[in-house]
There are 2 protein chains.
Amino acid sequence: MSEKAKRGRPKTLNKSDVVDIAMHAYWQDGPENVSLNSVVQRAGVAKPSIYREFGNEDGLTKAALAHYAECVLTKVIEILSSDASFRDRINAVARLSAEDPLHKHGCLFVKMRANQSAFGETTRALIDQMDAMALAAFEKALHDGLENGDWSGNIPVPQAAQYLHAQIGLALDMRARGEDPKDVIALALSIFKRPT
Amino acid sequence: MSEKAKRGRPKTLNKSDVVDIAMHAYWQDGPENVSLNSVVQRAGVAKPSIYREFGNEDGLTKAALAHYAECVLTKVIEILSSDASFRDRINAVARLSAEDPLHKHGCLFVKMRANQSAFGETTRALIDQMDAMALAAFEKALHDGLENGDWSGNIPVPQAAQYLHAQIGLALDMRARGEDPKDVIALALSIFKRPT
DNA sequence: ATAATTAATTACCACATGGTATAAAATGTC
DNA sequence: GACATTTTATACCATGTGGTAATTAATTAT
C-alpha cells in the first residue's frame, strides 16, 4: 500500500514484471516446456529472489495463472455478463477465442487444466476455482437469455452451460494445436439457433 | 519370421510385453508423467535392453502408440467403416469414447497429440499419420451416409468430418479429466439429426 | 561510524532424466 | 575346451530440475 522507505537494501526485482514474463512464457510455450530455471533466465533475475517472492514453483505458477485471470479471463466474463443479447454474447466470446490473435497460442487456463497433475496444490485449487467461475458465467448468460426471451431454452441450463464451456475450451485447444476452430465452433453453436 | 536357434545368449526380454506395459503406463498416467526409467522399472527389464530394442525414447513412445493404434484405434475405424447406418455408426463411436470403460482414462492418441512437442520425430510423425487416418475414416462414414441416404448432408463433408473428429476428441479429453462427456457429446451430435 | 536489516549474487545440493560403457553370463560353432 | 557371439546386469555419465546456504552489497537506524 504505502511506499514508506524500508530498511534494508532496496529491491531491484519488479514482482509484477516477473509474473507477466512467467505468464507469457507459460502461455506461449506451454507450461510443460517452461521450467522455473528458464523463467529465472527470461526475467533476468536471481533464483533466490523468485523464491523469496513466490515461495516455490507452485507459488509462481499460481501467480502467473492469477495474472492471466485478471488479464484475459475477466474479459470473457465481462462479455458474458454484458447487456447485449444472448446471441451477441456467445458470438463475441466465440470470436474472441476462435479468431482473436490474443489467443493465437490458445489459452493458458485450458493448457494448465489439461495437466493439473503437473502443478502444486495452490495452483490446482486456482484452476478449479477458475473453472467454476467460467461455468457460472455461462450459466448466468443462459439465464439472462431465458429472462430476456432471446434464447429458446430448448436445453436445460446446466447442460447448456457445460456444453458452451466445453466447446469454447475445445476451440482454444485447437488454436493451441495450430488448427482453425472457426468452422467447428460455428457448427457447435448452431444448436442454439433453432429448437431441437 | 523363422525361429532358428541363434548364436548368443538367449533373450529373456519379450518386446511385445514391454510395449504393452509402456502403452498402458502412458495411457493411464499420461505420457508426461511416465519416464523411460519408470517404464524400465515397471517392465522389470534392464535399461540397455530397452535401448537395444527401441533405439531411444522416441522409438519406445512410437512403438507404444503404434500398439495403441492396433489395439483400440482400429476398432473405431472398423465401426466407422461398418455397413450399419450412419446414425448407428456415429452413435457407436460416441458411446465407445464417451461411456466405454476402455476409455476410462481417455485416449492415448489424444493425450499425445495434445503434447506433440514433448516427443521425438518419429512419434510426432505417427501422431500426424493417425490423425489423418481418423479424419479420413470420419469422411468416409459421411460419404457413405450421403450415398445410402441416411444422412441429410446438410453440412459439407470436410467440415462435418473435422467437427466429428474434434467432438470425439473433446469427449475423450473430458474423460481423461474425470468429467462425464455424455451430455456434451449428445448435444454436439444433435446437429446431424435435423436439417439446419 | 557502527550496527541492523534487507536484497542480490554466487555457488552449491540432492535427485531424476535420457543415454552408455563395460563386464559378466549364456548360448552355438569349431 | 577355446572362441565368437549375443544378451543381460551393474555401474556410470552429463545435463537439467526444484530448492537452498552463504556471502556480499546497499540501505536505514542508532
Side-chain angles (χ1 to χ4, degrees), chain A residues 2-19 21-22 25-26 29-65 112 115-124, chain B residues 1-19 21-22 25-26 29-65 112 115 117-124:
Chain A
S2 68
E3 30 187 279
K4 68 167 90 175
K6 286 155 295 179
R7 240 178 91 110
R9 174 175 179 170
K11 65 170 64 174
T12 63
L13 176 144
N14 187 330
K15 188 171 179 178
S16 59
D17 276 7
V18 173
V19 172
I21 288 172
Y26 290 137
D29 297 0
E32 317 285 320
N33 306 316
V34 177
S35 68
L36 186 146
N37 285 320
S38 89
V39 171
V40 162
Q41 208 165 328
R42 297 180 205 220
V45 298
K47 211 196 289 192
S49 303
I50 297 285
Y51 280 88
R52 174 168 33 80
E53 296 291 333
F54 303 99
N56 53 21
E57 193 179 27
D58 190 21
L60 178 62
T61 52
K62 180 198 169 184
L65 182 56
M112 292 180 89
N115 277 52
Q116 285 207 26
S117 62
F119 300 99
E121 288 183 44
T122 73
T123 302
R124 286 204 304 266
Chain B
M1 314 289 182
S2 67
E3 31 188 277
K4 66 166 93 173
K6 285 155 295 182
R7 239 181 91 115
R9 175 175 178 169
K11 65 169 64 174
T12 63
L13 176 143
N14 187 332
K15 188 171 180 177
S16 59
D17 276 7
V18 173
V19 172
I21 288 172
Y26 292 137
D29 296 0
E32 318 284 321
N33 306 317
V34 177
S35 68
L36 185 146
N37 285 319
S38 89
V39 171
V40 162
Q41 208 164 329
R42 297 180 204 219
V45 299
K47 211 196 288 192
S49 304
I50 297 284
Y51 279 88
R52 175 171 33 80
E53 297 290 335
F54 303 99
N56 53 20
E57 193 179 29
D58 190 22
L60 178 61
T61 52
K62 180 196 167 184
L65 182 55
M112 292 180 89
N115 277 50
S117 62
F119 301 99
E121 288 182 44
T122 72
T123 303
R124 286 204 304 265

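Order of the sequence lines fixes the chain letters, A, B, ..., with proteins taken first and strands second; residue numbering starts at 1 for each chain.
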List in chain and number order the residues that pass side-chain hydrogen bond (donor to acceptor under 3.5 Å, both in side chains) with [X], two or more places apart in sequence or in another chain; answer none if no residue qualifies.
X	result
B:Arg9	none
A:Asp58	A:Thr122, A:Thr123
A:Ser117	B:Asn33

Tell me every residue that passes side chain to side chain contact (heavy atoms under 4.5 Å, CB included) with [X], counting only those two or more places apart in sequence or in another chain.
X	value
B:Lys11	B:Arg52, B:Glu53
A:Glu57	A:Leu36, A:Thr61
A:Asn37	A:Ser35, A:Lys47
B:Ala64	B:Ala22, B:Met23, B:Tyr26

Measure the distance from [atom1] on [X] to [atom2] on [N] and round it to the nearest whole Å.
X	N	atom1	atom2	value
A:Glu53	C:dA8	CD	C1'	12 Å
A:Leu13	C:dT6	CG	P	17 Å
B:Ile50	D:dA9	CD1	P	12 Å
B:Gln41	D:dA9	CD	P	15 Å

Next on the checklist: Using the side-chain heavy atoms of A:Arg7, tell me which of these nucleotides is nearest: D:dA26, C:dA4, C:dT29.
Outcome noted: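 Of D:dA26, C:dA4, C:dT29, C:dA4 is nearest to the side chain of A:Arg7.
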
Item to check | DNA chain C: 5'-proximal contact among B:Asp58 and B:Pro10 (nearest heavy atom) | outcome: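 Comparing both residues, the 5'-ward one is B:Asp58.
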
Checklist entry - Does B:Lys62 make a cation-pi contact with B:Phe54, if we ask for NZ or CZ under 6.0 Å from the ring centre and within 45° of the axis? => result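 B:Lys62 over B:Phe54 ring: no.
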
Checklist outcome for this item: Protein heavy-atom contacts under 4.0 Å, written 5' to 3' over nucleotides 9-18 of chain C as B (base), S (sugar-phosphate only) or - (none), form the string BB------BB

Item to check | Terminal axis angle for the helix from C:dA1-D:dT30 to C:dC30-D:dG1, five pairs an end, nearest 10 degrees | outcome: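 End axes: 30° apart.
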
